[in-house]
Amino acid sequence: MALPLWRPLSFFIILLSAGTAHAQYQMISPMLYEGPRISLQDHANRFQSKPLAGDTVSLDYRPDPARRRQNLAHFVEMSRMTSPADADNLAQIFASRDILEEMRTPMGKVGLRIDNVADAYTLWWIDAWQASRGINGDVDRQTVIAVRDQAARAFAQSGSLRGASDAAKQEMAEALLIQALLIESGVEQAKANPALGPQLATAVSLGAQGMNVDLSSMTLTENGFIAAK
């Protein structure tokens, strides 16, 4: 039986679409055009910790509440540069609850965790690919796990996070999780207003290109992403 990837997060999408700036959410968030704005090597360099003997690439991290508050505050300020309405709405939501911690249970239903960089990348990757194709369907657990394993292998092979600190991995993962929520919010808006679908697809595709990810060159299968034919 297929398990939904983003529908367990519908509670959070309602939050993102509500609040004082609700009237402004008749457009796709400008932050989607920016993408997660993360560089694997940049994060590794900025938050390098001393490698241990026989160090391997661990993608798990221990979330720090203070670091999360800093990450969310930074995201709000970045949002304010392109959309004050987005920034106000996000600030209100972030101040009212720990929305990322509350994603732990719904993500767990499809085999993903919030405290693992590859898992966060998986949520963003699948969400972004579907949104870029105008697809709004469930993704079964087998496919989710295949993509997660694919992402983990890519991180390991690149070595970009080898020896990176928890702070580096938390900042990267939380940027991906927030972007995934924004994508899912855009998908919900496009359901009600199909005219927003092409705008969402363009925004997500451009945001992914900022991470050197060409969503148009791949297709999703039960074995993960493969080159599009």
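Residue numbers count from 1 along this sequence.
If you take CG on Asp115 and CZ on Arg62, they are separated by 11.0 Å, rounding to the nearest 0.5 Å. Taking CE of Met218 as the start and CD1 of Ile226 as the end, the distance is 11.0 Å to the nearest 0.5 Å. Summarising the geometry, atom CG belonging to Leu215 is positioned 11.5 Å from atom CD belonging to Gln130; distances are rounded to the nearest 0.5 Å. Distance check: Glu174 CD to Ile114 CD1 gives 7.5 Å after rounding to the nearest 0.5 Å. In this structure, OH in Tyr61 is found 12.0 Å from CZ in Arg67, a value given to the nearest 0.5 Å. Taking CD1 of Ile93 as the start and CD1 of Ile178 as the end, the distance is 11.0 Å to the nearest 0.5 Å.
Put simply, the side chain of Val147 does not reach to within 4.5 Å of the side chain of Val139, judged on heavy atoms. With contacts defined as side-chain heavy-atom distances shorter than 4.5 Å, the pair Met103/Leu123 qualifies. Gln179 is listed as a side-chain neighbour of Phe75, based on a closest heavy-atom distance under 4.5 Å. Proximity of Ile99 to Glu102: side-chain heavy atoms (C-beta onward) are nowhere separated by under 4.5 Å. Considering only heavy atoms from C-beta on, Val204 stays 4.5 Å or farther from Trp129 through its side chain. For the pair Phe155/Lys169, no side-chain contact is recorded, criterion being any heavy-atom separation below 4.5 Å from C-beta on.
Linking ILVMFWY side-chain heavy atoms closer than 4.5 Å, directly or via other members, places Trp125 and Ile145 in two distinct hydrophobic clusters. Follow the hydrophobic side-chain contacts under 4.5 Å out from Leu181 and you reach Ile135 in the same cluster.
Judged purely by atom type and a 3.5 angstrom limit, Arg148 has no side-chain atom pairing as donor or acceptor with the backbone of Tyr121. With Gln170 contributing its side chain and Asp64 its backbone, the two residues share a donor-acceptor pair below 3.5 Å. Side-chain atoms of Ser205 do not come within 3.5 Å of backbone N or O of Thr202 as any donor-acceptor pair.
In terms of heavy-atom proximity, Ala151 sits nearest to Thr122 at CB-OG1, 4.0 Å. Looking at every heavy atom in both residues, Ala173 comes nearest to Ala120 through O-CB, 3.6 Å. Heavy-atom minimum distance, Ser216 versus Ala228: O-CB, 4.0 Å.
Checked options Leu220, Asp138, Asn223; the residue passing with Thr143 is Leu220 (criterion: side chain to side chain contact (heavy atoms under 4.5 Å, CB included)).
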Stepwise side-chain contact (heavy atoms from CB on, under 4.5 Å) test for Leu100 and Leu72: CA-CA 10 Å; Leu100 296 183; Leu72 295 178; 4.0 Å; yes

